[in-house]
There are 2 protein chains.
Amino acid sequence: MFLSKRCLHGLRAVLYLALHDSDRAFTPIQEISDRLNIPFHFLTKILHDLGKADILISSRGAAGGVALQRPASELNALLVIDALEGPHFLRSCVLGFDACSSLAPCALHSQWEAARACILNMFSGESLADIAGRIETEEAFLQALRVERKD
Amino acid sequence: MFLSKRCLHGLRAVLYLALHDSDRAFTPIQEISDRLNIPFHFLTKILHDLGKADILISSRGAAGGVALQRPASELNALLVIDALEGPHFLRSCVLGFDACSSLAPCALHSQWEAARACILNMFSGESLADIAGRIETEEAFLQALRVERKD
DNA sequence: TTATATTCAGACTTTTTTATCTGAATATAA
DNA sequence: TTATATTCAGATAAAAAAGTCTGAATATAA
């Protein structure tokens, strides 16, 4: 699996919010957990981290929950991935050499630079609103919610 | 980190062999472990797995060790990655939906297909010999050998 | 004010990945 | 044959990631 479960859960939750944000001020984490089949306490931590990364805001107490901090049209998937996988995930040397740089490139340096640009562009080139707009029926989105494959 | 340590160790070991294969019939794992600073027993398992994947051959006993099963010009990095990360690593749905397919695509399906093609092409588009040929001085290759960053 | 619904925070447990250890099998050379 | 150098195989240990639990803090509404 390319992205960690943590990150997949975060991405899905944020897309869920992008689809439902307009309904009310805050969406309870319990609702997201139920609909997307993500363990509640685990999701709570993940969303808390997205709060620290200024992607979500939250409110405690009755009628509380989480919401996107900005409109979905001003957020993108890369922000979520960076917050949950860490900033080095797609940015460090593909052969894992700490010292790799354009001045002292590894044997895949320029190749990886190009491939990475593809990936970064994919995740940052369109907004969460754009992505959510392609979720044709919410039914399909919700039905697909199992992260079960063991790889 | 994009690739697991297991996979990085395997890739580096295979590149080491591509650089030294011509010297003798077999290269002892201990030598690779020493030069590349990879834990010996861990490397042994990794290379054993590459043997099962028909990338390496091995010989026990004195003067034994491992060697590339085919010339480095007929092997590529993707073979190693598939053997060590598993076949699903770059091929399953980027949002982790088991049911995702071109008939029932997730919201990033076609985007991921394009980005993935970039990555697969990078890893399979040139041979291990090509990559090893860009390792300018072995000194630089060996010096860079620490997988220490915690991400 | 009190009951309820929620996030926040941190300790804990489980699972997976990474790494180590030990002994058996086997090939070579003296 | 014997000593030595090596991989093979499986058990174990350590570290990291994934997931759970509990209680505190806080906001709303009756």
Side-chain angles (χ1 to χ4, degrees), chain A residues 1-13 17 24-34 36-53 55-69 84-86 88-89 96 146-151, chain B residues 1-13 17 24-34 36-53 55-69 84-86 88-89 96 146-151:
Chain A
M1 205 149 34
F2 177 65
L3 298 169
S4 68
K5 288 194 182 181
R6 194 176 136 70
C7 189
L8 292 179
H9 291 330
L11 275 174
R12 291 171 180 191
L17 288 174
R24 69 223 115 155
F26 294 101
T27 303
I29 297 178
Q30 186 69 62
E31 172 185 327
I32 306 175
S33 163
D34 289 344
L36 303 193
N37 197 29
I38 301 171
F40 173 73
H41 292 289
F42 192 25
L43 182 58
T44 284
K45 284 180 147 186
I46 294 167
L47 297 189
H48 192 205
D49 288 344
L50 291 181
K52 288 190 212 151
I55 292 166
L56 300 181
I57 50 173
S58 63
S59 169
R60 296 203 239 189
V66 294
L68 298 177
Q69 188 167 75
L84 296 177
E85 298 285 13
H88 297 302
F89 174 58
R146 276 166 297 146
V147 188
E148 289 173 323
R149 178 173 293 140
K150 306 293 187 199
D151 51 6
Chain B
M1 204 148 37
F2 177 65
L3 298 169
S4 69
K5 287 194 183 182
R6 194 177 137 70
C7 189
L8 292 180
H9 291 329
L11 275 175
R12 290 171 180 191
L17 288 174
R24 70 222 113 155
F26 294 101
T27 302
I29 298 178
Q30 186 69 62
E31 173 185 326
I32 307 175
S33 163
D34 290 344
L36 304 193
N37 197 28
I38 301 170
F40 172 73
H41 291 290
F42 191 25
L43 182 58
T44 284
K45 284 182 147 185
I46 294 167
L47 297 189
H48 192 205
D49 288 345
L50 292 181
K52 286 190 214 153
I55 292 167
L56 300 180
I57 51 172
S58 63
S59 170
R60 297 203 238 190
V66 294
L68 298 178
Q69 187 166 79
L84 296 176
E85 298 284 12
H88 296 301
F89 175 57
R146 276 165 297 146
V147 189
E148 289 172 325
R149 177 174 293 140
K150 306 293 186 198
D151 50 5

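A quick note: this is a predicted structure, and the numbers were derived from the prediction, not measured. Because only heavy atoms are used, hydrogens play no part in the values below, and waters and symmetry mates are left out as well, while side chains stay in. In what follows, every chain begins at residue 1, and chains take the letters A, B, ... in the order their sequences are listed.
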Notebook entry, point to check: Between D/dT22, D/dT7, D/dG19, which nucleotide has the shortest distance from any of its atoms to the side chain of A/H41?
Noted result: D/dT22
Check: Among all residues two or more places apart in sequence or in another chain, which pass the ring-ring contact (aromatic ring centres under 6.0 Å, His included) test with A/F2?
Finding: A/F89, B/F2, B/W112
Notebook entry, point to check: With Watson-Crick and G-U wobble geometry limited to distances under 3.5 Å, how should the secondary structure of DNA chain D be encoded in dot-bracket form, using | for bases paired to another strand and [ ] for crossing pairs?
Noted result: ||||||||||||||||||||||||||||||
Margin query: Is A/S58 close enough to C/dT6 that one of its side-chain N or O atoms is under 4.0 Å from OP1 or OP2 there?
Written below: no
Margin query: Determine whether a donor-acceptor pair (one donor, one acceptor, N or O, separation below 3.5 Å) exists between the side chain of A/K45 and the base of D/dG19.
Written below: yes
Checklist line | For A/S4, all residues meeting side-chain hydrogen bond (donor to acceptor under 3.5 Å, both in side chains), sequence neighbours excluded | finding: A/E85
Notebook entry, point to check: Can you find a donor-acceptor pair, distance only, under 3.5 Å between A/H48 side chain and C/dC8 base?
Noted result: no
Margin query: What's the closest nucleotide to the side chain of A/F40 if the choices are D/dA18, C/dT18, C/dT7?
Written below: C/dT7
Anything under 3.5 Å between a protein N or O and an N or O of nucleotides 26-28 of chain C, put it in a table, one pair a line.
residue	atom	partner	partner atom	Å
C/dA27	O4'	B/R60	O	3.3
C/dA27	N3	B/A62	N	3.3

Throw together a table of side-chain donor-acceptor distances under 3.5 angstrom for residues 39-48 of chain A, partners on residues two or more places apart or in other chains.
residue	atom	partner	partner atom	Å
A/T44	OG1	A/F40	O	3.2

Checklist line | Nucleotide of D/dT6, D/dA18, C/dT7 approaching A/P28 most closely (side-chain heavy atoms) | finding: C/dT7
Next item on the list: Kindly write out the residues that satisfy salt bridge (Lys or Arg N to Asp or Glu O under 4.0 Å) with A/D34, not counting sequence neighbours, or none if the list is empty.
Entry: none
